[in-house]
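Please read the structure below before turning to the comments.
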Amino acid sequence: MAERLEELESRTRFDPAEVEPPIAERWLASGLFHPQPEGSAQENYSIAIPPPNVTGSLHMGHALNGSIQDVLIRYQRMSGRRTKWILGTDHAGIATQAQVEKALRAEGSSRQQLGREEFVRRVWEWREHYGHTIVEQFKRLGASCDYEEERFTLDEDYHRAVLEVFVALYEQGCIYRDRYIVNWDPGTRSAISDLEVEEREETDTLYSIRYDLEGGGSMTIATVRPETLLADTAVAVNPQDERYADLVGRTAVLPLVGRHLPVIADEYVKRDFGTGQLKVTPAHDPNDFEIGRRHELDQVSVIGEDGRMTAEAGERFAGLTVAAAREAVVAALQQEGRIVASEPYRHSVPYSHRSGQRIEPLISLQWFMRMDELAGPAIEAVRSGAVRIVPDNHRRVYLDWMENIRPWCISRQLWWGHRLPVYYCEVCEHTHVAARAPERCTACGGPVRQEEDVLDTWFSSALWPFATLGWPAQTAELEAFYPTKVLSTARDILFLWVARMIMMGLRFTGEVPFAEVYIHSVIQAPDGRRMSKSLGTGIDPVDEIERHGADAVRFGLLAMSSSQDVRYSAEKVQQGQALANKLFNATRFALLRIATLGDVELDTLQPAPRPTAVEDRWILSRLQRVKAQTAERIESYDFSHAALGLYDFVYGELCDWYLELVKPRLASDPEGGDVGVGGGRAAGTGAAGEREALAATLLYLLRETVALAHPMIPFVTEELWSYLEDSGTLLAGSAYPRPAAELIDAEAEAEVERAIEAVTLIRGWRDSAGARPGKFVVARLEADGYGAMAEAVARLARLELRASGGEPGAEEPVPGAEEPALATVVIPGGVLEVLGGEGLDLAAAEQRRAAVRTKLESEIERVQGKLANSGFVERAPAAVVAGEREKLARLRGELAAL
RNA sequence: GGGCGCGUAGCUCAGUUGGCUAGAGCACCUCGUUUACACCGAGGGGGUCGCCCGUUCGAGUCGGGCCGUGCCCACCA
């Protein structure tokens, strides 16, 4: 220990870069993060991490969520629970495939050139190469995940779980294949789900186009997509619309094409919108598709999967891009004089979240999943509270979405992902759905080929909490850690992921996958914009860790977090860094002082609360309250207050006051130095037993504080623990401090708090009077309730105290006891009478006094007014009225004393 | 069009069930080589709590309206 203390003495500040890596290593080597699968999920505590994209890197959202989950996990682990933080990554179909394709392009190749098998091999290779970055980054953050059991959504076992679910849902009739209108993303050349579509406001031109009717007359149709006219197969009006009642049943002629279109009546058409006449394009508009199904209209597809016009669009337009086709169609219509009007039109346009390209609704043969049947129990789970969403204003959003849930397009035209376990007969087209490929067609014995499509990534993610634990096998892991306790995430994937996990969990395990969903803040850039690489607004958490330390980043993020979105605050991270440094130095100070006390043996000293002075009882009492408060805040997901409350305790009580109060008692020279001028309890005096008690108390305080802070700032606290606890045990595996009721001491709290207030007031006065910081002011304390604290007040406020005139025990006649006061400072319980001091500017002090008087007077007036109001006195609760009366008396006393 | 938020010191944010002489961190100003920490310490200035009505003895806190702002959901050509 001795050498370690020597080494500690030279470290005047906490250096995260030096300390963090070895600590992270000790944690990993300890096995603490890798629990044995024992006990029941009920008694254990588990969290399944939202799996980051396998080739991604840590962004602020990960860092925040990682900090949050780690606080919970560490807190629970220290509370004695068997904890497991399930770790893993997501294969992230589109994102990963896009990355590899980009790399291929750079080397002049393409996935088509490679072929499917080779391409998939290349992606695996890519994953080997880049797939560990983010996990390593989680380690740097200090996240105590179970790194020994890292999962991947394309692992063999995981794949088996996916197949099992797919086959079961198919057999249960929930999964089906359909030619349906989908959101086609020309960028990724794949269908995407509704949730991956984002609407953007845009200004287009709304054209009014004249369609002639057979047998005379015409209709005028408005559209922002004239190019889709080529695929019109009907014209519709509202059945209630008398204006057009006689048109229904007639035939319109499609301009440019000449196709005959029935005029139909459908409720969908709004009478008051535009002309009340609508062109119907079943193949390229979701609404029209529905109309088409209702009226059994033809489907003509003029836009292909490549985003270009097809042959069906006719020779003039085939091969054109959609944009070019629009121009060409408009030009052609203009030539025929069919454009009756055109005006700018603002509307929302669908874009792909994935590729950023404009969505092209078109009809495609895809796999879908019917959701209504699965949604029912998932709705009930949230309604009944089996799954609790925190904060609960997201509850309604979840329920609204679930109650209006629509089929989910689950097939993707990609190569990277779970290929559908669907096999078509090459001969008779018979469809087989099975986890294992059939040798031959069961109907005709012909050869079979597997479906080319893969599943939407979210399909596999939906199984995350149980597929990671070995399901469908009934593993010990599943028994011990499923259901998990809480799912922590930002709200943007509430539908995409959370809702689907609840549905799948209930369906396949019969249990909710987690008891609580905690929705955390989204961290925005400091200017309020979204943090994003493309905008250049991103802040890299790893950079921040390198600059300020992982503890600082964690503390900062926790302190920022809230129930709403917040801007990134570099100051909060600084604050965290300051806290780490402060704790480090406080511990360093205490240990080095104790070591020099001489008669205290640090190596054998047992940390224990052994108060011998009121400040001891005060800080011990305060510590108990902070313990209770911190635990309560962590358990209620109130991380910012947990972090900031701890900061306040460490700074505002432990360091600023307690350590200052106790310094004289820690002086190595029992005769005392120049500290503590007034009073009988000179520095360093006291029996050896008292010094030992103080040392024991200090050790106890520091150990408890450091342990209390550990879930939030694990590195610095673990480092300090190695000095405070020499058995070599890890703090990460030690017990979380619990409040000891017998140490709560309201009286001591009141006594010390009034002393603190007095010191602050006197310092303020000193400053206003220009008293030099180093010089003593001669004064007389004429106030009640200070007792043993009087001398501490004197020392901390730099006073040379003269005996009070009224003090019975004072040696009579004390010189100066009758000395007239030059000034008075109002403090709790009375006043301080200033008798003299070097270079005091009494005029300035007088100004301050006047200001205080004015403030007191106005406040007294306010309170008097309140108490004179009969309504207040009669109606307000008695305690409040009494409080005001007390306040008035106190203020009057202060004013009189001035 | 619906839903959910937000608007409190220069900045970022706290303010539980209405009782506040409205707080914190940062920034700013003054002072300080008091041997834990200058990533420090002490002190200080700074707010019509977006606006207007209302409820109440009392409103930053509750209700209504307005203005500003952000996000989510939604099939009006």
Side-chain angles (χ1 to χ4, degrees), chain A residues 9 12-14 199 206 221-225 228 236 268-270 272-281 285-290 345 347-348 361 393-394 396-397 400-401 404 491-492 494-495 522 524 526 528 530 548 552 559-560 562-572 574-575 577-593 638 640-641 644 647-648 652 655-656 659-660 663 673-675 759-760 763-768 770-774 796-798 855-856 858-859 862-863 866 869-877 879-881 883-884 887 891:
Chain A
E9 187 164 20
T12 58
R13 56 173 74 158
F14 176 65
E199 302 283 332
L206 181 68
I221 272 124
T223 181
V224 287
R225 304 206 56 193
T228 64
Y268 172 75
V269 184
K270 305 278 175 294
D272 50 0
F273 191 92
T275 57
Q277 303 177 341
L278 177 73
K279 75 191 215 33
V280 183
T281 320
D285 181 283
N287 298 308
D288 293 6
F289 180 82
E290 295 298 341
Y345 186 69
H347 66 148
S348 58
N393 51 327
H394 297 283
R396 174 136 168 235
V397 180
D400 282 351
W401 185 76
N404 298 299
R491 62 172 190 287
D492 54 348
L494 185 61
F495 308 141
V522 171
Q524 302 167 328
R530 212 176 174 81
H548 306 285
M560 274 173 241
S562 145
S563 57
Q564 63 191 62
D565 292 355
V566 289
R567 300 180 182 205
Y568 185 77
S569 159
E571 291 78 17
K572 287 280 191 299
Q574 293 277 15
Q575 207 180 336
Q577 189 175 358
L579 176 64
N581 189 247
K582 195 74 171 174
L583 265 180
F584 182 83
N585 272 294
T587 305
R588 173 169 165 267
F589 165 73
L591 287 175
L592 292 172
R593 278 299 174 86
D638 184 3
S640 67
H641 289 109
L644 293 169
Y647 176 94
D648 286 343
C655 293
D656 288 351
L659 291 183
E660 293 303 325
K663 270 180 182 174
D674 62 342
V675 257
V759 169
T760 306
R763 281 173 177 167
W765 181 88
R766 283 182 62 114
D767 211 59
S768 71
R772 304 295 298 169
L796 295 174
R798 299 250 137 193
K855 199 173 170 198
L856 275 175
S858 76
E859 192 49 29
R862 213 184 63 87
V863 179
K866 221 172 180 178
N869 180 344
S870 61
F872 173 72
V873 179
E874 284 158 26
R875 304 215 183 179
V880 172
V881 177
E884 290 295 316
K887 189 200 285 180
L891 293 170

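Just so we're on the same page: letters track the sequence lines, and every chain starts at 1.
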Q | Residue matched to B:G70 through Watson-Crick or wobble contacts both under 3.5 angstrom | A | B:C4
(Q) Quick check for you: among B:A42, B:G25, B:C13, whose closest atom lies nearest to any side-chain atom of A:Arg567? (A) B:C13
(Q) Would you measure the distance from the P atom in B:C49 across to the matching atom in B:U8 and give it in whole Å? (A) 11 Å
(Q) What's the closest nucleotide to the side chain of A:Pro773 if the choices are B:U21, B:C37, B:G32? (A) B:G32
**Q.** Short side-chain N/O contact from A:Tyr568 to OP1 or OP2 of B:U12, under 4.0 Å
**A.** no
Q) So what does A:Pro877 hit on the nucleic acid, given a heavy-atom distance under 4.0 Å: a base, only sugar-phosphate, or nothing? A) base
Q. What distance, rounded to whole Å, do you find between the two C1' atoms, one in B:A14 and one in B:G7?
A. 15 Å
Q | Nearest-nucleotide 5' precedence on RNA chain B, A:Leu644 against A:Asp272 | A | A:Leu644
Q. Can you tell which of B:A36, B:C39, B:A14 lies closest to the side chain of A:Gln564?
A. B:A14
Q: Give A:Gln577 one of three labels, base, sugar-phosphate or nothing, depending on what nucleic acid heavy atoms sit under 4.0 Å from its own.
A: base
Q | Whole-angstrom distance between B:A59 and B:A22, as gauged at atom P | A | 14 Å
Q) Is there a Watson-Crick or G-U wobble partner for B:C51 with both distances under 3.5 Å, and which nucleotide is it? A) B:G65
Q: Assign A:His394 to base, sugar-phosphate, or nothing according to its heavy-atom contacts below 4.0 angstrom with the strands shown.
A: nothing
Q. Hey, does A:Val522 reach any base, or is it just sugar-phosphate, or nothing, if we go heavy atoms under 4.0 Å?
A. nothing
Q.
It should be established whether A:Ser562 places a side-chain nitrogen or oxygen under 4.0 Å from OP1 or OP2 of nucleotide B:A14.
A. yes
Q) Does A:Arg862 place a side-chain N or O at less than 4.0 Å from the phosphate oxygens OP1/OP2 of B:U21? A) yes
Q: Would you name the heavy atoms of A:Arg530 and A:Asp492 that are closest together and state the gap between them?
A: NH2-OD2, 4.5 Å
**Q.** Closest listed nucleotide, where the reference is the side chain of A:Thr760 and the choices are B:G43, B:A36, B:C39
**A.** B:G43
Q | Minimum-distance nucleotide to A:Asn393 side chain [options: B:C71, B:G5, B:A36] | A | B:G5
Q: Determine which nucleotide pairs with B:G18, using a 3.5 Å limit on both distances of a Watson-Crick or G-U wobble pair.
A: none
Q. Can you tell which of B:C37, B:A77, B:G43 lies closest to the side chain of A:Thr223?
A. B:A77
Q: Ignoring backbone atoms, establish whether A:Lys887 has a side-chain N or O less than 4.0 Å from OP1 or OP2 of B:G19.
A: no
Q. If the C1' atom of B:U21 is compared with that of B:G25, how far apart are they to the nearest Å?
A. 22 Å
Q: Name the nucleic acid region contacted by A:Asp285, choosing base, sugar-phosphate or nothing; use a 4.0 angstrom heavy-atom cut-off, strictly under.
A: nothing
Q. A:Lys855 near the nucleic acid: base, sugar-phosphate alone, or nothing, with a heavy-atom cut-off under 4.0 Å?
A. base
**Q.** NE2 on A:His347 to CD on A:Glu199, rounded to 0.5 Å
**A.** 10.0 Å
Q: Could you check whether A:Arg13 gets within reach of a base, just the sugar-phosphate, or nothing at all, counting any heavy atom under 4.0 Å?
A: base
Q.
Testing the basics here: between A:Ala222 and A:Leu206, what is the closest heavy-atom pair and its distance to 0.1 Å?
A. CB-CD1, 4.0 Å
Q.
Between A:Asp565 and A:Val522 (side chain of the first, backbone of the second, donor and acceptor by atom type, cut-off under 3.5 Å), is there such a pair?
A. yes
Q: Would you mind pulling out the nucleotide paired to B:G45, Watson-Crick or G-U wobble, both distances under 3.5 Å?
A: none
Q: Sticking with atom C1', work out how far B:G15 lies from B:G60, rounded to a whole angstrom.
A: 8 Å
Q. Which heavy atom in A:Thr12 sits nearest to a heavy atom in A:Arg588, and how many Å separate them?
A. CG2-NH2, 3.4 Å
Q.
Hydrogens and angles aside, do A:Lys279 and A:Thr228 bring a side-chain donor and acceptor to less than 3.5 Å of each other?
A. yes
Q: Scan every strand shown for a Watson-Crick or G-U wobble partner of B:G32, both distances under 3.5 Å, and answer none if you come up empty.
A: B:C40
Q: Taking the side chain as every heavy atom from C-beta outward, state whether A:Gln575 and A:Leu644 have any pair of such atoms under 4.5 Å apart.
A: yes
**Q.** Under-4.0 Å side-chain N/O to phosphate OP1/OP2 contact, A:Arg772 with B:G32
**A.** yes
Q | Contact check, side chains of A:Tyr268 and A:Glu290, non-hydrogen atoms, under 4.5 Å | A | no
Q. Between A:Asp400 (CG) and B:G2 (C1'), how many Å, whole number?
A. 9 Å
(Q) Distance check, P atoms only: B:A9 and B:G50, in whole angstrom units. (A) 8 Å
Q: Measure the distance from OH on A:Tyr268 to P on B:A77 and round it to the nearest whole Å.
A: 7 Å
Q: From the options B:G19, B:C37, B:G70, select the nucleotide whose nearest atom is closest to the side chain of A:Gln524.
A: B:G70
(Q) Is the ring pair A:Tyr345/A:Phe273 parallel, tilted or perpendicular, if the boundaries are 30 and 60 degrees? (A) perpendicular
(Q) Just to be sure I understand the rule, does A:Thr587 reach a base, reach only the sugar-phosphate, or reach nothing, if contact means heavy atoms closer than 4.0 Å? (A) nothing
(Q) Side-chain N or O of A:Lys279 versus OP1/OP2 of B:C76: is the shortest distance under 4.0 Å? (A) no
**Q.** OP1 or OP2 of B:G43 under 4.0 Å from side-chain N/O of A:Arg766
**A.** no
Q. Counting any heavy atom closer than 4.0 Å, what does A:Tyr345 reach on the DNA or RNA strands: base, sugar-phosphate only, or nothing?
A. sugar-phosphate
**Q.** Pairwise P distance, B:G32 and B:U16 [rounded to whole Å]
**A.** 41 Å
Q) Quick one: on RNA chain B, does A:Pro286 or A:Met560 contact a more 5' nucleotide (nearest heavy atom)? A) A:Met560
**Q.** Separation of atom CG in A:Asn404 from atom P in B:C72, rounded to whole Å
**A.** 19 Å
Q: Could you check how far CG of A:Leu579 sits from C1' of B:G25, rounded to whole Å?
A: 12 Å
Q) Contact class for A:Glu660 (heavy atom, under 4.0 Å): base, sugar-phosphate, or nothing? A) base
Q. Of all the nucleotides listed (B:C26, B:C39, B:U12), which has the minimum atom distance to the side chain of A:Ser569?
A. B:U12
Q: Could you give the distance separating B:C11 and B:A27 at their C1' atoms, to the nearest angstrom?
A: 7 Å
(Q) Can you tell me which nucleotide in B:G43, B:C76, B:C6 comes closest to the side chain of A:Lys270? (A) B:C76
Q) According to a strict under-4.0 Å criterion, is A:Arg396 in side-chain N/O contact with OP1 or OP2 of B:G3? A) no
(Q) Of the options B:G5, B:A36, B:A77, whose atoms approach the side-chain atoms of A:Val224 most closely? (A) B:A77
Q. If we call it a pair only when both distances are under 3.5 Å in a Watson-Crick or G-U wobble match, what pairs with B:C26?
A. B:G10
(Q) Minimum heavy-atom separation for A:Asp400 and A:Asn404, please, with both atom names. (A) O-ND2, 2.9 Å
